[in-house]
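Owing to the predicted nature of the structure, the values given are computational and were not obtained by experimental measurement. Reminder, nothing fancy here: chain letters follow the sequence lines and each chain counts from 1.
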Number of protein chains: 2
Amino acid sequence: MKIKVAIADDHKLFIDGIKSILSTEIDVDIIMEAGNGLELIKAIENGPLPTIIVTDIRMPVMDGIAATKELTKKYPDIPILALTMYDQGADVVEMLEAGAKGYVTKEADKQELLLALKRLVAGEKYFSKTIPEDFCKWASCAPEENEIILTRREKEILALIAKGRTTLQIAHELKLSKFTIDTHRKNIHKKLKIKSNTGLVNYALKNLNLNY
Amino acid sequence: MKIKVAIADDHKLFIDGIKSILSTEIDVDIIMEAGNGLELIKAIENGPLPTIIVTDIRMPVMDGIAATKELTKKYPDIPILALTMYDQGADVVEMLEAGAKGYVTKEADKQELLLALKRLVAGEKYFSKTIPEDFCKWASCAPEENEIILTRREKEILALIAKGRTTLQIAHELKLSKFTIDTHRKNIHKKLKIKSNTGLVNYALKNLNLNY
DNA sequence: ACCAATATACCTAGTAGTAGGTATTTCAAG
DNA sequence: CTTGAAATACCTACTACTAGGTATATTGGT
């Protein structure tokens with residue numbers, strides 16, 4: 001039976017490219033395309049069910065992570081393959097946690113994409129080789145030496161600092177003492193070896209996923 | 001005569017897609033592909049000259065802007081078409097300043113890409129409609145109402161703040177008084193309506209192009 | 001039940017950033 | 001040549017952050 005693919009990516013040219021690549025495959029059909037997560041969900045709800053969903057991670061309106069959470073809940077039997085850029089390691093982990101069954105980086109070629117599609121349709125998983133550290137993190141392999149483990153609270157506070165909140169504002173927001181926030185910030189400083197608030201913002205924006 | 005295209009993009013899948021899309025066009029041939037700016041330059045130096053160069057803006061090792069500067073110097077007759085993501089407005093301006101003759105966003109479709117290729121080969125320019133403000137900025141149209149004009153010095157200092165430098169460090173680095181840096185920072189605050197250093201880092205990382 | 005990690009809270013002293021000023025020099029545009 | 005923007009420099013008072021502590025309650029895992 002033919003593999004019916006639903007694909008979501010905000011770059012039309014990329015979708016067109018994939019369609020063109022897969023058009024030579026007689027056993028693969030792209031039956032649905034979407035420019036963001038919301039369109040994807042709507043399309044699947046209103047159309048014939050695809051065999052597999054292929055989605056970009058970062059998209060406007062609704063990203064791939066949110067869409068994946070929603071879709072795995074409603075359609076647990078349809079595997080989701082994440083498409084990712086080389087620099088979105090952290091996002092990949094979130095996608096897998098959201099329920100994606102595999103990922104392929106956009107550095108991959110046609111062969112790898114096809115392989116991933118077939119693996120997922122067969123109920124297996126597939127992971128591009130190029131993001132080993134992050135997959136390791138998710139699969140709880142041996143932790144990286146330079147892997148930084150911030151606690152939930154610390155991440156929360158770091159995110160607020162990155163948003164420009166002052167210590168007092170954070171204290172009010174979380175209904176905690178100013179001293180507590182101070183302590184947490186100091187612990188973050190130690191763990192990250194960053195000594196200034198501006199440095200933290202830098203780190204947070206580059207390493208956490210606070211973007212849009 | 002056939003249009004001979006050299007293409008550079010760090011996403012192999014994207015290149016494959018473009019190749020596949022263009023393979024149905026009898027008058028277009030992709031004769032060269034590269035994963036970054038450096039590979040592109042080397043390929044062009046060692047191979048037959050292309051009719052047109054199509055390149056992504058952000059790439060590892062050497063980005064499209066640097067490559068374009070180099071290539072327009074050595075090969076002023078070969079037009080360069082920039083491929084860009086929706087959120088890289090500022091980069092587009094730099095590409096045009098570097099000598100690119102047009103740009104197409106990755107939201108475009110096959111038709112638009114072909115149109116752009118033909119326009120550039122014919123010696124014309126082509127700009128996707130979707131980034132009007134930035135092109136306006138470059139072409140010095142009427143300035144945007146909410147366009148923020150920081151002076152050269154202010155941008156320089158903002159960049160250093162974003163890199164985590166303190167006022168004193170910046171003062172030493174630029175051989176200026178601490179008071180001067182303070183004044184500049186205060187002026188930046190006023191212009192951007194941002195009242196804190198962390199807010200500035202946020203703004204700088206999102207709006208300036210400090211990334212690699 | 002116990003241990004380690006997490007989360008909480010407080011104190012002091014010092015440094016850096018914020019907010020309000022004023023003022024001089026330079027340089028390009030009108 | 002004058003005007004205005006840009007760049008420079010200084011002052012004071014106040015607020016926020018940094019760095020060094022100590023200490024207790026809670027929680028998850030063996």
Side-chain angles (χ1 to χ4, degrees), chain A residues 97 137 139-205 208 210, chain B residues 137 140 142-205 207-208 210:
Chain A
E97 283 169 351
K137 204 152 70 182
S140 52
C141 306
E144 294 283 308
E145 46 166 329
N146 52 0
E147 186 191 358
I148 287 137
I149 313 125
L150 293 182
T151 67
R152 214 170 308 143
R153 207 42 150 181
E154 285 164 353
K155 276 182 196 166
E156 189 180 11
I157 287 167
L158 178 54
L160 287 169
I161 291 172
K163 281 180 188 166
R165 307 278 205 288
T166 67
T167 305
L168 273 180
Q169 288 176 323
I170 298 172
H172 288 143
E173 224 164 307
L174 301 182
K175 278 162 191 157
L176 291 173
S177 157
K178 155 202 151 50
F179 297 110
T180 306
I181 311 301
D182 269 331
T183 304
H184 282 305
R185 198 190 43 237
K186 278 187 287 190
N187 288 334
I188 298 169
H189 282 168
K190 270 180 207 154
K191 284 188 181 175
L192 302 184
K193 284 168 196 145
I194 292 173
K195 285 191 245 269
S196 76
N197 232 333
T198 51
L200 287 187
V201 178
N202 239 295
Y203 174 87
L205 290 185
L208 266 53
L210 312 166
Chain B
K137 205 154 68 185
S140 54
E144 295 283 308
E145 44 164 335
N146 51 2
E147 187 191 354
I148 287 138
I149 314 126
L150 292 182
T151 66
R152 215 171 307 142
R153 208 43 151 179
E154 285 164 354
K155 277 182 195 165
E156 188 180 13
I157 288 167
L158 178 54
L160 288 168
I161 291 172
K163 279 180 189 165
R165 308 278 205 289
T166 67
T167 305
L168 274 180
Q169 288 175 324
I170 297 171
H172 289 143
E173 222 162 308
L174 301 183
K175 281 165 190 154
L176 291 174
S177 156
K178 156 202 151 50
F179 299 110
T180 306
I181 312 300
D182 270 329
T183 304
H184 283 305
R185 198 190 43 238
K186 279 186 285 189
N187 289 334
I188 298 170
H189 281 168
K190 270 179 208 154
K191 285 189 183 176
L192 302 184
K193 282 169 197 144
I194 291 171
K195 286 191 245 269
S196 76
N197 232 333
T198 51
L200 287 187
V201 178
N202 240 294
Y203 175 87
L205 290 184
N207 294 285
L208 266 55
L210 312 167

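- A:His189 comes within contact range of the sugar-phosphate backbone alone, with a heavy-atom separation under 4.0 Å but no base atom that close.
- A donor N or O paired with an acceptor N or O is found under 3.5 Å between the base of D:dC10 and the side-chain atoms of B:Thr183.
- Backbone-only contact: B:Thr151 has heavy atoms under 4.0 Å from sugar-phosphate atoms and none from a base.
- Distance OG1/A:Thr166 to CD/A:Glu173: 9.5 Å, rounded to 0.5 Å.
- Between the CG atom of B:Leu158 and the C1' atom of D:dA6 there is a distance of 17 Å, given to the nearest Å.
- Positionally, the nearest nucleotide of DNA chain D for B:Lys175 lies more toward the 5' end than for the other of B:Thr198 and B:Lys175.
- Atom CG in A:Leu200 sits 10.5 Å away from atom CG in A:Leu205 (nearest 0.5 Å).
- The side chain to side chain contact (heavy atoms under 4.5 Å, CB included) with A:Thr167 is formed by just one residue from the set A:Ile157, A:Thr180, A:Ile181; it is A:Ile181.
- B:Ile157 places its CD1 atom 13 Å from the C1' atom of D:dA9, with the value rounded to the nearest Å.
- Rounded to whole angstrom, the span from the NZ atom of A:Lys186 across to the P atom of C:dC11 amounts to 13 Å.
- When all heavy atoms of A:Ser196 and A:Thr198 are compared, the pair lying nearest together is OG-OG1, 3.1 Å.
- Base engagement by B:Thr180 is indicated by at least one non-hydrogen atom pair under 4.0 Å involving a base atom.
- Following rounding to the nearest Å, A:Arg165 (CZ) and D:dA16 (C1') show an atom-to-atom distance of 16 Å.
- Using a 4.0 Å heavy-atom distance criterion, B:Lys178 is classed as making no nucleic acid contact.
- Here B:Ser196 lies in heavy-atom contact (under 4.0 Å) with sugar-phosphate atoms only.
- Note that the CD atom of A:Gln169 and the CD1 atom of A:Ile161 stand 11.5 Å from one another [nearest 0.5 Å].
- The distance from atom CZ of B:Phe179 to atom C1' of D:dC10 is 5 Å, rounded to the nearest whole Å.
- Summarising the geometry, atom CD belonging to B:Glu154 is positioned 3.5 Å from atom NZ belonging to B:Lys191; distances are rounded to the nearest 0.5 Å.
- Axis orientation changes by 60° from one end of the helix from C:dA1-D:dT30 to C:dG30-D:dC1 to the other, with each end axis drawn from 5 pairs and the value rounded to 10°.
- Going from atom CD1 of B:Ile188 over to atom OH of B:Tyr203 covers 10.0 Å, rounded to the nearest 0.5 Å.
- What separates CZ of B:Arg185 from P of C:dG20 is a distance of 14 Å, to the nearest Å.
- Look at CD1 on A:Ile194: it is 16 Å from P on D:dC17, rounded to the nearest Å.
- DNA chain D is contacted by both A:Asn197 and B:Arg153; B:Arg153 maps to the nucleotide lying nearer its 5′ end (nearest heavy atom per residue).
- Considering only the side chain of B:Ser177, D:dA9 comes nearest among C:dA19, D:dA9, D:dC17.
- Across all strands shown, B:Asn187 has no heavy atoms under 4.0 Å from either base or sugar-phosphate atoms.
- One can place CZ of B:Arg152 at 7 Å from P of D:dA7, the figure rounded to the nearest angstrom.
- Rounding to the nearest 0.5 angstrom, the gap separating the OG1 atom in B:Thr151 from the CG atom in B:Asn187 is 8.0 Å.
- Proximity note for A:His184 (side chain, C-beta onward) versus C:dT8, D:dA7, D:dA19: the nearest is C:dT8.
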